[in-house]
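The structure presented is a predicted model; accordingly, all values stated were derived computationally and were not measured.
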Amino acid sequence: APKPKILEILKLLPRTNCRECGQPTCMVFAVLMAEGAKGPENCPPLGDEESNRLQEYMSQFQMEE
């Protein structure tokens with residue numbers, strides 16, 4: 001099955017490296033998201049529109065729970 005692309009996730013994130021999600025950088029967060037360990041709801045600065053776009057992107061992949 002196709003996997004989410006880390007750079008595509010990163011493009012949809014704020015890329016501020018604010019650490020509000022508990023990760024040191026948005027890149028680390030994107031990797032965790034690609035692995036299914038994090039979701040858009042885990043990124044506090046993400047606005048509703050961005051969160052929806054990220055959710056839409058991730059919805060095309062079968063993530064292991």
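Atom CE of M58 sits about 4.5 Å away from atom CD1 of I9, to the nearest 0.5 Å. Here the straight-line distance linking atom CG of L13 with atom NZ of K11 works out to 12.5 Å at 0.5 Å rounding.
Pairing each heavy atom of P40 with each of Q55, the nearest pair is CG-OE1, 3.4 Å. Closest heavy-atom contact between F61 and P2: CD2-O, 3.3 Å. The two residues P14 and C43 make their nearest non-hydrogen contact at CD-SG, 3.8 Å. Scanning all heavy atoms of the two residues, the minimum distance from K5 to Y57 falls at N-OH, 2.8 Å. Closest approach of A30 to L10, counting heavy atoms only: CB-N, 4.1 Å. The nearest pair of heavy atoms linking M33 to L54 is CE-CG, 3.5 Å.
At distances below 3.5 Å, at least one donor-acceptor pair connects side-chain atoms of N42 with backbone N or O atoms of G39. Put simply, the side chain of S51 never gets that close to the backbone of D48: no donor and acceptor are under 3.5 Å apart.
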- request: Take E56 and R53, measure what salt bridge (charged side-chain N to carboxylate O under 4.0 Å, His left out) needs, and give me the verdict at the end.
  value: CA-CA 5 Å; E56 205 172 281; R53 284 208 306 263; over 6 Å; no

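When the side chain to side chain donor-acceptor pair (under 3.5 Å) test is applied to E41, no partner is found at least two apart in sequence or on another chain. Shown here are the side chain to side chain donor-acceptor pair (under 3.5 Å) partners of R15, two or more places apart in sequence or in another chain: there are none.
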